[in-house]
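This report concerns only the one structure given below.
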Amino acid sequence: MPNKFYVTTPIYYVNDVPHIGHAYTTIAADVLARFYRLRGYEVFFLTGVDEHGQKVQQAAAKAGIDPQAHCDQLMPKFKDLWEKLDISQDGFIRTTDAQHQTVVQNCLQALYDKGLIYQAEYTGWYCMFDERFWTEKDVEQGLCPDCQRPVEQVSERNYFFKMSQFQDRLKEHIHTHPAYIQPASRRNEVLGFLQKPLEDLSISRPKSRLSWGIELPFDKACVTYVWFDALVNYFSALEYLGTDSKTPEFWPASIHLVGKDILTTHAVYWSTMLMGMERPLPQSIFAHGWWTVEGEKMSKSRGNVVDPHAMVEQFGTDAFRYFLLREVPFGQDGDFSLNTFHNRYQAELANDLGNLVSRTLAMIGNFSAGLIPAPDPQTETELDHQLRQHASTLFERIEQHLQALEFHRALEAILGLVQSANQYIDKTAPWVLAKDPEKGPRLRTVLFNLAEGLRFLTFAIAPFMPHTADAIKTRLGLTINFLGSSLLQFPTWGEYTYINPVTKGASLFPKKDPPTTDNSQPTSLATSSPPQEEKTAISPPPSQPPLASSDTPLIGIDEFQKVQLKIAKILEAERVPKSSKLLKLQVDIGTEQRQIVAGIGKKYAPEELVGKTIVVVANLKPAKLMGVESQGMVLAAGENEMLGLLGVSENIPAGTKIK
Ligand code: MSP
């Protein structure tokens with residue numbers, strides 16, 4: 001019997017189009033679903049939309065259309081985005097589905113029949129926005145304690161669920177199941193909330209005030225509270241969205257992922273509803289943090305809502321998935337900025353991962369006719385052992401991090417292997433081995449190890465960046481199916497027999513221009529523009545004698561200052577066809593990417609140059625060398641023979657000016 005894993009996201013209100021907050025939880029759930037499928041679990045991954053309630057009714061009224069028509073218009077926006085983000089949900093629920101409504105009504109009737117729902121006159125402070133009542137002691141200065149909007153006093157005959165009855169049982173459950181509410185800080189918050197006596201929950205709204213909802217089976221004048229309807233989705237979906245009759249067996253859920261703002265509704269309302277219905281509680285509820293944007297709360301009125309579509313257009317789906325989970329520990333709040341996104345993209349995806357793949361494939365292409373060679377065990381060194389060790393422990397680390405919902409640490413572990421493999425290339429210098437026929441066996445071992453490193457990485461990134469995993473897999477000629485349970489056993493180094501030739505393919509993470517400075521928007525959405533040019537020149541004191549050799553004409557500081565020297569990082573390097581000397585470099589000069597042709601091909605192999613920090617003349621007029629445009633010049637030492645490129649010993653960022 002395979003293990004089961006059932007993961008859910010909140011169901012999103014269709015009062016507006018989806019934004020980064022919705023994408024965040026859904027991507028996290030998708031990574032878990034994909035990982036557990038690879039591990040051989042039977043997985044059910046549920047997401048969907050919350051279509052009833054006041055917010056949706058109001059949005060429809062604003063649009064001047066009927067609520068159902070409004071839902072029908074908005075729902076595809078979520079489905080389309082999930083497709084764009086490669087979300088692999090097994091079920092997509094709409095709370096207007098007839099089957100869901102029937103399950104909700106059955107639950108209400110069952111609780112009513114058990115005497116757990118009663119009717120009472122209630123006067124309280126009602127928050128329109130949160131659609132809930134507050135008691136006198138909760139409300140301070142007439143404001144909702146949750147959203148800080150004004151509340152109004154409302155008197156109504158309503159139906160109540162006897163939530164208070166389950167307070168002790170809930171406290172007990174949380175105490176005896178430490179993983180029930182995560183992270184631990186949120187668990188403490190809920191326990192704190194449960195210190196106060198728990199009130200009963202109003203679960204009805206008179207149709208005279210709100211008509212857009214599921215009718216109470218025992219009172220046609222009322223609809224049910226939107227949260228009672230919405231929470232039930234987690235098991236109603238299993239009854240009709242599954243692929244076979246065994247789907248209901250997925251209950252209880254392995255994990256409900258929710259935002260921190262909706263933890264109480266899950267940890268308290270949902271848990272007690274389940275107790276009332278005598279159903280097992282989920283194994284855990286994890287509350288993640290919220291994204292701010294450039295340090296500010298994200299809101300429509302501020303005009304800073306991050307549109308996932310725009311991010312995907314700019315950086316691609318996988319980079320967006322990567323960034324959201326890499327940047328911030330899942331339980332904590334985080335800040336989104338285009339600059340940070342761009343920097344991570346450039347450093348970790350384009351430079352580290354992208355270059356590892358392109359260098360490895362290029363070397364297998366150049367030094368082994370595109371075929372991954374068999375290693376020669378006689379030539380093994382400590383370097384090989386270290387790389388293998390690093391790769392062989394990767395999956396256990398990823399699994400542990402994902403069990404703890406530490407997506408950022410799982411990605412950190414993956415990046416660690418990428419960096420190790422890049423260092424392995426630098427240290428083993430296959431281009432040097434390739435020059436000496438006697439080093440052939442060692443070269444084969446190195447190339448094989450690099451291919452193995454990439455194979456391991458392909459598995460490791462598959463849940464996070466499915467597209468990239470597929471692309472690397474194809475280029476390496478691997479025959480793995482990431483939809484099956486291919487990680488049931490973690491891979492073993494050396495077990496795979498490579499038979500297919502590798503293919504190079506286009507850059508996995510093409511270089512992007514940094515975000516542009518927008519003066520109309522003083523927020524940090526603008527790039528960190530290069531440091532302001534120093535206007536005061538450092539001129540030699542007038543008494544100092546000229547310091548040049550006699551055969552070189554002296555120049556003034558003004559002339560020298562016309563030359564703009566900058567630190568640059570080599571991103572890609574390849575030979576100019578038919579030239580033994582010229583290499584075509586793509587370099588990052590901070591503000592942009594440049595192509596520079598340099599006569600350094602006798603000294604350096606292209607693969608050896610990638611990642612090097614060098615000095616370039618950034619304001620040289622473009623020129624063509626053997627028909628290839630060069631937009632600048634690299635600085636190198638040597639007169640007749642090129643002895644070496646000028647570099648810097650410190651880790652100085654590309655784009656830094658040299659004075
Ligand atoms: N419909 C309810 C959930 C019912 S679940 C049975 C709801 N919907 S929502 O569309 O308003 O919010 C859905 C999720 O988006 C919540 O988990 C919320 O935390 C999350 N986010 C909304 N804004 C967010 C950020 N700025 N950052 C991260 N997540 C955020 O609540």
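Sequence positions, counted from 1, serve as the residue numbers for this chain. Read the numbers this way: they start at 1 and go in the same order the structure lists the ligands and their atoms.
Residue Asp261 has at least one nitrogen or oxygen atom sitting less than 3.5 Å from a nitrogen or oxygen atom of ligand 1, judged on distance alone. Residue His288 has no N or O atom closer than 3.5 Å to an N or O atom of ligand 1. Any N or O atom pair closer than 3.5 Å counts here, and Pro10 shares no such pair with ligand 1. Checked against a 3.5 angstrom limit, the closest N/O atoms of Met298 and ligand 1 fall outside it. Geometrically, ligand 1 and Trp291 share a nitrogen or oxygen pair separated by less than 3.5 Å. Between Trp227 and ligand 1, a contact under 3.5 Å exists for no N or O pair.
Summary of contacts: the protein heavy atom closest to atom 17 (O) of ligand 1 is Gly259 N, 2.9 Å. If you check which protein heavy atom lies closest to atom 6 (C) of ligand 1, you get Tyr234 OH, 3.5 Å. Protein heavy atom nearest atom 13 (C) of ligand 1, with residue, atom name and distance: Tyr12 CD2, 3.4 Å. The closest protein non-hydrogen atom to atom 3 (C) of ligand 1 is Ile11 O, 3.2 Å. Regarding atom 7 (C) of ligand 1, its nearest protein heavy-atom neighbour is Tyr13 CE1, 3.4 Å. In this structure, the protein non-hydrogen atom closest to atom 15 (O) of ligand 1 is His22 CD2, 3.7 Å.
Residue Thr224 holds its OG1 atom at 4.5 Å from CD1 of Ile203, rounded to the nearest 0.5 Å. For the atom pair OG (Ser202) and CE (Met163), the distance works out to 10.0 Å, reported to the nearest 0.5 Å.
A cation-pi arrangement is found for Arg279 relative to Phe235, the charged atom lying closer than 6.0 Å to the ring centre and inside a 45° cone about the ring normal. For the pair Lys4 and Tyr41, the cation does not sit on the ring face, since its NZ or CZ is not both under 6.0 Å from the ring centre and inside 45° of the axis. Both the sub-6.0 Å distance and the 45° axial angle are not jointly satisfied by Arg321 relative to the ring of Tyr24.
Below 4.0 Å from some heavy atom of Asp50 lie the following atoms of ligand 1, by number and element: 1 (N), 2 (C), 4 (C). Of all atoms in ligand 1, listed by their number and element, those nearer than 4.0 Å to a heavy atom of Ala230 are 6 (C).
Distances from ligand 1 to the non-hydrogen atoms of Thr25 include no value under 4.0 Å. Look at His266 and you'll find a heavy atom under 4.0 Å from some atom of ligand 1. For Gly289, the closest heavy-atom approach to ligand 1 falls below 4.0 Å. Contact between Trp270 and ligand 1 is absent, with no heavy atom of the residue lying under 4.0 Å from the ligand.
Nearest-heavy-atom check against atom 31 (O) of ligand 1 across Ile262, Val258, Val305 picks out Ile262.
By the side chain to side chain contact (heavy atoms under 4.5 Å, CB included) test, Pro308 is found to be paired with Ala23, Leu81, Phe320, residues two or more places apart in sequence or in another chain being considered.
When side chains are defined from C-beta on, Val7 does not count as touching Tyr36, because their heavy atoms never get closer than 4.5 Å.
Under the 30°/60° scheme for interplanar angles, the aromatic rings of Tyr234 and His266 are found to be tilted.
Checked by atom type and distance alone, the side chain of Gln105 never pairs as donor or acceptor with a backbone atom of Pro217 at under 3.5 Å. Of the possible polar contacts, none joining the Asp130 side chain to the Cys144 backbone as a donor-acceptor pair under 3.5 Å is found.
Checked for salt-bridge contact, Arg186 and Glu189 meet the test: a charged N lies under 4.0 Å from a carboxylate O.
The ring-ring contact (aromatic ring centres under 6.0 Å, His included) test with Tyr159 singles out one residue from Phe218, Tyr118, Tyr122, and that residue is Phe218.
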